[in-house]
Amino acid sequence: MKPMANHQPKRTGALRRLAWILFATAMLAIPVTSTSQTKDPRQSQSREALGTGDSIRITVFQSPDLTTETRISQRGTVVFPLIGEVQLGGLTPAEAGARIADQLRRGNFIVRPQVVVAIVQVRSRQVHVLGQFIRPGSYVLEDAGTRLTDILTLAGGISSTGADTVTLLTNRDGKQATREIDVPSIFRGGDTSSTNVQIENGDTIFVERAPVFYIYGEVQRAGAYRLLPNMVVMQAVALGGGLTARGTQRAIGVHRRTPAGEFRKLEAKLTDPIQADDIVFVRESMF
């Protein structure tokens, strides 16, 4: 019985040492895992380069009198107390802070300056909206995840004279590209990743005037009308308010522009398709 009693403390000690090793290993693993998975959302923003029009706040540690809120000029510079004009355009906020600190140190104004540059308002990241929008112009991209529909909303949407297709001009890594996007398809449901695309700095969105046709003669409301997809003569007459009492559907013609730019006269049936810039005329009934 005694030999068994003598081995018990040794086994207990070994188990305790093993438990401590496992515990220490687990504790060491926790910081590594949390560090790799947890990121400060401001880190991605801090890598954005400063540009013309951006508003920034410059703070110098333990020197509140030097706190400055300013806007980057067209030359990419700001004027800072003691050191004057500083070139910051194209730098990240961290790089801009280091440059100001270096100049303060070189000028013997502060021995060990600690400078923080924070973006107050982004003005350098813009998208240009042109053509048949209700409010065309340039808009600031304040969110890195801005989509095409966000910009359409900012611009008030496409005007009544605008086409359903937008032209997106992009410049990614020095490569320019042009893309046509059918706007109604974005709102039909399904996967919109290929249509409701992300908009980036410098992009241009353009909407042409919608194609039209013209109708005159013996119709109630002669004039120019928007050409709808797959439109036929019967629909064109309906948009014109229908025939007058003297009009006849057996005497409808179309003037159509040829590739050479000349107009050719065609006799039309009610089921014939209408093309952009067609001129539909309804004759008076002879009986």
> Which pair of heavy atoms, one from R283 and one from K265, lies closest together, and at what distance?
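What the structure gives for the nearest pair is NH2-CE, 3.4 Å.
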> Taking side chain as C-beta onward, heavy atoms only, is I199 less than 4.5 Å from D150?
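No. Closest side-chain heavy atoms not under 4.5 Å.
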> Distance check, rounded to the nearest 0.5 Å: T244 atom OG1 versus Q220 atom CD?
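It comes to 6.0 Å.
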> Looking at R105 and D102, is any side-chain nitrogen of the basic one under 4.0 Å from a carboxylate oxygen of the acidic one?
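Counted as a salt bridge, because a side-chain N and a carboxylate O are separated by less than 4.0 Å.
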> Let me confirm one number: the CZ-OG1 distance from R147 to T153, rounded to the nearest 0.5 Å.
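Here the rounded value is 14.0 Å.
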> With ring-ring contact (aromatic ring centres under 6.0 Å, His included) as the rule and sequence neighbours excluded, what pairs involving residues 242-262 come up?
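Found H255-F281.
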> Quick one: does D203's side chain get under 4.5 Å of R172's, heavy atoms only?
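Yes. Closest side-chain heavy atoms under 4.5 Å.
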> Quick one: do F263 and Y214 end up in the same hydrophobic cluster if we chain Ile, Leu, Val, Met, Phe, Trp and Tyr together by side-chain heavy atoms under 4.5 Å apart?
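Yes; Y214 is reachable from F263 via cluster members.
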> Are L266 and I279 connected, step by step, through hydrophobic side chains (Ile, Leu, Val, Met, Phe, Trp, Tyr) whose heavy atoms are closer than 4.5 Å?
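Shared cluster, no.
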> For H128 and S138, which heavy atoms make the closest approach, and how far apart are they?
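Scanning both residues completely, I find the closest heavy atoms to be ND1-OG, 2.9 Å.
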> Going from CZ on F133 to CG on L152, what distance comes out if it is rounded to the nearest 0.5 angstrom?
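The CZ atom of F133 sits 5.5 Å away from the CG atom of L152.
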> List the atom pairs, with distances to 0.1 Å, where a side-chain N or O of residues 107-116 and a protein N or O form a donor-acceptor pair under 3.5 Å, not counting sequence neighbours.
none

> Under the 4.5 Å side-chain heavy-atom rule for ILVMFWY, direct or indirect, which residues accompany V232?
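F213, I215, V219, Y225, L227, L228, M231, V233, M234, V237, L239, L243, I252, V254, L270, I274, V280, V282, all in the cluster of V232.
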> Using a 4.5 Å cut-off on heavy atoms from C-beta on, say whether the side chain of V166 contacts that of L168.
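Not in contact.
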> Are L154 and I205 grouped together when hydrophobic residues (ILVMFWY) are joined by side-chain heavy atoms under 4.5 angstrom apart?
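Yes; I205 is reachable from L154 via cluster members.
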> List the residues meeting side-chain contact (heavy atoms from CB on, under 4.5 Å) with T77, not counting sequence neighbours, and say none if there are none.
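If we apply the side-chain contact (heavy atoms from CB on, under 4.5 Å) test to T77, skipping adjacent residues, the hits are S73, R75, E85, Q87.
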> What's the shortest heavy-atom distance between L148 and T195, and which atoms?
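Scanning both residues completely, I find the closest heavy atoms to be CD2-O, 3.8 Å.
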> CD of E180: more than 12 outside heavy atoms within 6.0 angstrom?
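More than 12 within 6.0 Å, yes.
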> Is the shortest side-chain heavy-atom distance between I100 and I83 below 4.5 Å?
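Side chain of I100 against side chain of I83, heavy atoms only: contact under 4.5 Å found.
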> For E69, does the CD atom have more than 12 heavy-atom neighbours from other residues, nucleotides or ligands under 6.0 Å away?
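Count over threshold, so yes.
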> Taking all non-hydrogen atoms of both residues into account, name the closest pair between T68 and P81 and its distance.
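Shortest heavy-atom contact: OG1-CD, 3.5 Å.
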> Tell me, yes or no, whether the heavy-atom count around E95 atom CD, taken from other residues, nucleotides or ligands under 6.0 Å, exceeds 12.
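It does: E95 CD has more than 12 such atoms within range.
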> G162 and A210: which non-hydrogen atoms are nearest, and at how many Å?
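In terms of heavy atoms, the two residues are closest at O-CB, 3.4 Å.
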> Looking only at non-hydrogen atoms, find the nearest pair between G247 and E218 and report the distance.
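Residues G247 and E218, closest heavy atoms: CA-CB, 3.5 Å.
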> Do the non-hydrogen side-chain atoms of I56 and P93 ever get within less than 4.5 Å of each other?
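Of all side-chain heavy-atom pairs linking P93 with I56, none is under 4.5 Å.
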> Answer yes or no: are there more than 12 heavy-atom neighbours, outside R264 itself, under 6.0 Å from its atom CZ?
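Not more than 12 within 6.0 Å, no.
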> Report yes if the side chains of L82 and L66 come closer than 4.5 Å at any heavy-atom pair, otherwise no.
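When only atoms from C-beta onward are counted, L66 and L82 do touch, with a gap below 4.5 Å.
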> According to the ring-ring contact (aromatic ring centres under 6.0 Å, His included) rule, which pairs have a member within residues 76-101, sequence neighbours left out?
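Qualifying pairs: none.
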> Rounded to the nearest 0.5 Å, what separation is found between the CG atom of L50 and the OG1 atom of T92?
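These two atoms lie 7.0 Å from each other.
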> Are the side chains of R246 and S285 in touch, meaning some heavy atoms are under 4.5 Å apart?
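R246 vs S285: side chains apart.
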> What distance do Q126 atom CD and Y139 atom OH have between them, rounded to the nearest 0.5 Å?
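Going from the CD atom of Q126 to the OH atom of Y139 covers 11.5 Å.
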> Roughly how far apart are E200 CD and L141 CG, rounded to 0.5 Å?
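E200 CD to L141 CG: 9.0 Å, rounded to 0.5 Å.
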> Surrounding CZ of R135 (heavy atoms of other residues, nucleotides or ligands, distance under 6.0 Å), is the total greater than 12?
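More than 12 within 6.0 Å, yes.
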> Would a hydrophobic clustering, with Ile, Leu, Val, Met, Phe, Trp and Tyr connected at side-chain separations under 4.5 Å, put V86 with L91?
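Yes, because V86 and L91 connect within a single hydrophobic cluster, where side-chain heavy atoms sit under 4.5 Å apart.
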> How would you list, by chain and number, every residue that makes a side-chain contact (heavy atoms from CB on, under 4.5 Å) with P184, sequence neighbours excluded?
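For P184, the residues satisfying side-chain contact (heavy atoms from CB on, under 4.5 Å) (neighbours in sequence not counted) are D164, D182, R188.
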> Examine distances only and state if a side-chain atom of R226 and a backbone atom of S160 form a donor-acceptor pair shorter than 3.5 Å.
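Confirmed, R226 side chain pairs with S160 backbone.
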